[in-house]
Amino acid sequence: MRILLTGRNGQVGWELSRALAPLGEIIAYDRSGLDLAAADSIVAAVRSASPAVLINAAAYTAVDQAEREPEVAHAVNARGVAVLAEEAKRARALLIHYSTDYVFDGVQDPPYVEEDEPNPLNVYGLSKLAGERAIRQIDCAHLILRTSWVYAERGRNFFLTMRRLLAEKRELRIVSDQIGAPTFAGALAAATATLLDDHGATALGERRGVYHMTASGSTSWHGFAAAIARLEGVDPLARVVPIPSEAYATAARRPKNSRLSNEKLLREFGVALPSWEASLAVCHARLAGTR
Ligand SMILES: NC(=O)c1ccc[n+]([C@@H]2O[C@H](COP(=O)([O-])OP(=O)(O)OC[C@H]3O[C@@H](n4cnc5c(N)ncnc54)[C@H](OP(=O)(O)O)[C@@H]3O)[C@@H](O)[C@H]2O)c1
């Protein structure tokens, strides 16, 4: 199976390039090899690779910065994704694309299911929703995997920021009224590889659509920070203080309820990610070099 992967240096892309290796030939691009903001670069890269599967792990992911540059966010997350979907259709390839909990406004109480109506609160969410809609309208064989709160041993993420701040600061004030599932990029990549390995590109394309794919369980950013502190041998009660969203100003608004139900993924494909606590321990151990 020839697999084209975009965003190979991102959190998810880096993990995917490893998880997918046993499945076939991986042609992995960074931005210089496939620039989602440049249609001709996308067309050239896909046509030269002629893959059976395209996996798009590239995206404009700077949530607050997107408020200042909506045009760039839309160029990458919507227009670039539309070109990718057109190319997937032309090549009769399966497109696996990642999207986000930030397509929802977070006002409902229960976890969101795939059929719930999106209503993004910020530019990044709007651009990702536009990308989803482009794929569905073009209707290539596709899976749109919505995930949340991604972290890894590398890249810019909450897990690494908390580790650094715990070493630098006496007290961390962390938002406790946004609830979601911290999802380890390694677990997301492993589950994506399992989907492809167990079902194959053709069967996945026949069951095209949106699927939620996050770690199981949920917590707040404060709960996540407290768990990181415990793994670092720090007492969270003494050092990690819960605060409301209103006390932490950011350019982009964020949903209070980011929980996504993963039931459809389990029902349709028998795939579920480990709990967020289990994956956090794995990521922490990997960083500590003990696994
Ligand atoms: N991070 C999260 O919390 C989160 C939550 C929900 C969903 N997601 C989704 O999950 C997917 C993977 O996210 P991630 O956390 O792995 O993101 P990431 O670590 O920020 O990686 C994104 C990658 O995309 C690349 N990229 C940016 N603009 C590009 C362009 N114009 N052309 C080609 N590549 C470009 C970046 O390259 P450079 O290094 O050159 O900038 C980077 O390697 C994305 O679809 C994201 O929307 C992420």
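Side chains included, hydrogens not; waters and symmetry mates left out as well; all remaining heavy atoms used. Atoms within a ligand are numbered from 1 in the order they appear, just like the ligands themselves.
A salt bridge links R2 with E25; the closest basic N to acidic carboxylate O contact falls under 4.0 Å. Of the charged side-chain nitrogens involved, at least one lies within less than 4.0 Å of a carboxylate oxygen, so that E71 and R79 count as a salt-bridged pair. Between E15 and R286, at least one side-chain N (NZ, or NE/NH1/NH2) sits under 4.0 Å from a carboxylate O, which counts as a salt bridge. Comment: E132 engages R146 in a salt bridge, judged by a side-chain N to carboxylate O separation of less than 4.0 angstrom. R254 and D64 are joined by a salt bridge, as a carboxylate oxygen and a charged side-chain nitrogen come within less than 4.0 angstrom of each other. Of the charged side-chain nitrogens involved, at least one lies within less than 4.0 Å of a carboxylate oxygen, so that K256 and E246 count as a salt-bridged pair.
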Note down each nitrogen or oxygen pair, ligand 1 side and protein side, whose separation is under 3.5 Å; give only atom names and the distance to 0.1 Å.
unit_1   : atom_1 : unit_2 : atom_2 : d
ligand 1 : 3 (O)  : V150   : N      : 2.9
ligand 1 : 15 (O) : Q11    : NE2    : 2.9
ligand 1 : 16 (O) : Q11    : N      : 3.2
ligand 1 : 16 (O) : V12    : N      : 2.9
ligand 1 : 19 (O) : Q11    : N      : 3.0
ligand 1 : 20 (O) : T61    : OG1    : 2.6
ligand 1 : 24 (O) : A59    : N      : 3.2
ligand 1 : 24 (O) : A59    : O      : 3.4
ligand 1 : 28 (N) : R31    : NH2    : 3.3
ligand 1 : 31 (N) : D35    : OD1    : 2.9
ligand 1 : 32 (N) : D35    : OD1    : 3.4
ligand 1 : 32 (N) : L36    : N      : 2.8
ligand 1 : 40 (O) : R31    : NE     : 3.1
ligand 1 : 41 (O) : R31    : NH2    : 2.7
ligand 1 : 43 (O) : G10    : N      : 3.1
ligand 1 : 45 (O) : Y98    : O      : 3.3
ligand 1 : 45 (O) : K128   : NZ     : 2.8
ligand 1 : 47 (O) : Y124   : OH     : 2.7
ligand 1 : 47 (O) : K128   : NZ     : 2.9

